[in-house]
Amino acid sequence: MLDKIEQLKKEIEAMVAQSADEVEQLRIKYLSKKGEVSKLFAEFRNVPAEQKREVGQAINTLRDFAQERLDVLRSGVQEQKDSSVGVDLTLPGESMKLGTRHPLSIVRNEILDIFKRLGFVVSEGPEIEDDWHVFSALNFPEEHPARDMQDTFFIQRNPDVLLRTHTSSVQVHDMEEMEPPIRTVTPGRVFRNEAISARAHCMFHQIEGLYIDENVSFADLKQTLLYFAQELFGEGTKIRMRPSYFPFTEPSAEMDVSCSICGGEGCNVCKYTGWLEILGCGMVDPNALESSGIDSRKYTGFAFGMGIERIAMLKYGINDLRLYFENDVRFLNQFKSAH
Ligand code: DAH
């Protein structure tokens, strides 16, 4: 009997199975009611009393061993199935989707890079401001109608706390905190109380530029902006200045570039004028210099400010401001850039 048990143990040790069916056949052969182990239990009755203990133990051990081996075979078969049958290894992998930069960020970075090449540094300031930095220090007298050019959001009941309506407010911080020569470009979000439409929004982005030093002239302003326009819109781009008014610059101008879409021939984007308005600029008013602690007898400077949304619209042919803020991936996906 013990020999037989030993023989079965060897068989069980050598069992192999390629499929769940084969494992089941082996289970039936050894562990079912009519299986080999059951037969041993049946024969056990005839074992002499003095051997019962030893033989009984050996049969129990064999049964446990068979059970273990079958479990091992079963999990082996299952693993094979998981790794080969259930998964089609020829299917293409799932690619990782990379995001794209927002068109406003692309254009902002491009503009900042152009001015950085000329030695300007990037400065930033707060979006929640006081009246001084947004208006008073920039030569907007209290009650002056020029304040109505920019419909302001005031916070709380305190008219001295407001959302900046332009990034010109950061000029004031820069002049207060830095010593000339000052060359800064300031990107940022600005807020105006306007009804939202394709052409206007209550929130948009500007870049402000400021250059203060001895002997800075209008010719420097013009040449700097010509270089900027040609870098941004292409070599052949022309500029023209039209007289304008801002309280913090004297003289003030608005600058147009030759239409990048029709090349100046006239089209519906430039309304058949051949020109597109892109920014306001001028020589910093001596009053604005003095308000921020700069000696206007020693120093002069120029400033300019532009809307990023508008420039991105011209560059990409975008016709509705609201698209920038809706975050529709079908819109956003179209902008790919090194920036
Ligand atoms: N701050 C003006 C605006 O928001 C834009 C501007 C005009 C900025 C002339 C300037 C400037 O620095 O010199 O409409």
Side-chain angles (χ1 to χ4, degrees), residues 108 111-112 115 120 122-127 129 131-140 144-153 162-176 178 182-194 199-213 216-226 228-229 239-257 276-289 291-292 294 296 299-311 321:
R108 178 200 58 207
I111 295 172
L112 293 180
F115 286 105
F120 284 73
V122 175
S123 71
E124 283 181 294
E127 291 174 3
E129 268 291 8
D131 179 278
W132 172 255
H133 288 89
V134 177
F135 294 123
S136 298
L138 289 169
N139 201 33
F140 287 82
H144 192 281
R147 292 189 178 213
D148 285 348
M149 287 161 77
Q150 307 176 355
D151 228 335
T152 310
F153 283 118
L162 48 100
L163 294 179
R164 68 180 176 195
T165 54
H166 54 180
T167 44
S168 304
S169 55
V170 186
Q171 278 186 27
V172 179
H173 287 284
D174 289 346
M175 290 192 287
E176 284 170 341
M178 298 177 185
I182 300 172
R183 282 186 221 92
T184 53
V185 267
T186 306
R189 211 174 273 152
V190 300
F191 307 85
R192 290 184 195 178
N193 190 6
E194 305 226 8
R199 319 220 113 251
H201 212 288
C202 58
M203 174 185 89
F204 56 101
H205 299 78
Q206 290 187 330
I207 291 183
E208 185 79 17
L210 177 70
Y211 177 27
I212 312 257
D213 202 351
V216 175
S217 70
F218 200 92
D220 296 320
L221 170 63
K222 228 174 137 180
Q223 185 57 37
T224 303
L225 292 180
L226 175 64
F228 160 69
I239 62 167
R240 72 173 185 188
M241 304 275 194
R242 285 176 292 104
S244 184
Y245 171 75
F246 301 101
F248 42 94
T249 43
E250 181 59 36
S252 305
E254 263 155 327
M255 189 181 91
D256 300 341
V257 292
L276 299 165
E277 183 195 324
I278 64 157
L279 55 78
C281 60
M283 300 305 293
V284 181
D285 192 294
N287 280 344
L289 292 172
S291 293
S292 299
I294 304 248
S296 64
Y299 295 108
T300 52
F302 64 68
F304 55 87
M306 65 190 95
I308 304 180
E309 278 79 357
R310 175 160 170 80
I311 293 181
L321 261 178

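Whatever order the structure lists them in is the order used to number ligands and atoms, beginning at 1. Computation of the quantities below employed the complete heavy-atom set of this structure, encompassing side-chain atoms and omitting hydrogens, waters and symmetry-equivalent molecules. Being a predicted model, the structure only gives us computed values, none of them experimental.
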H166-Q171 side chain donor-acceptor pair, cut-off 3.5 Å: no
Test: E127 and R189 ion pair at under 4.0 Å: yes
Of all pairs that satisfy salt bridge (charged side-chain N to carboxylate O under 4.0 Å, His left out), the ones with a partner from residues 276-287, not counting sequence neighbours: R242-E277
E194 and H201: side chain donor to acceptor below 3.5 Å: no
Polar contact flag, side-chain donor to acceptor under 3.5 angstrom, T186-S123: yes
V216 vs V284 side-chain heavy atoms within contact, under 4.5 Å: no
Contact table, ligand 1 N/O with protein N/O, distance under 3.5 Å:
residue	atom	partner	partner atom	Å
ligand 1	1 (N)	H166	ND1	2.9
ligand 1	1 (N)	S168	OG	2.9
ligand 1	4 (O)	R192	NH2	2.8
ligand 1	4 (O)	Q206	NE2	2.9
ligand 1	12 (O)	Q171	NE2	3.2
ligand 1	12 (O)	E208	OE2	2.5
ligand 1	12 (O)	F304	N	3.3
ligand 1	12 (O)	F304	O	3.4
ligand 1	13 (O)	A303	O	3.1

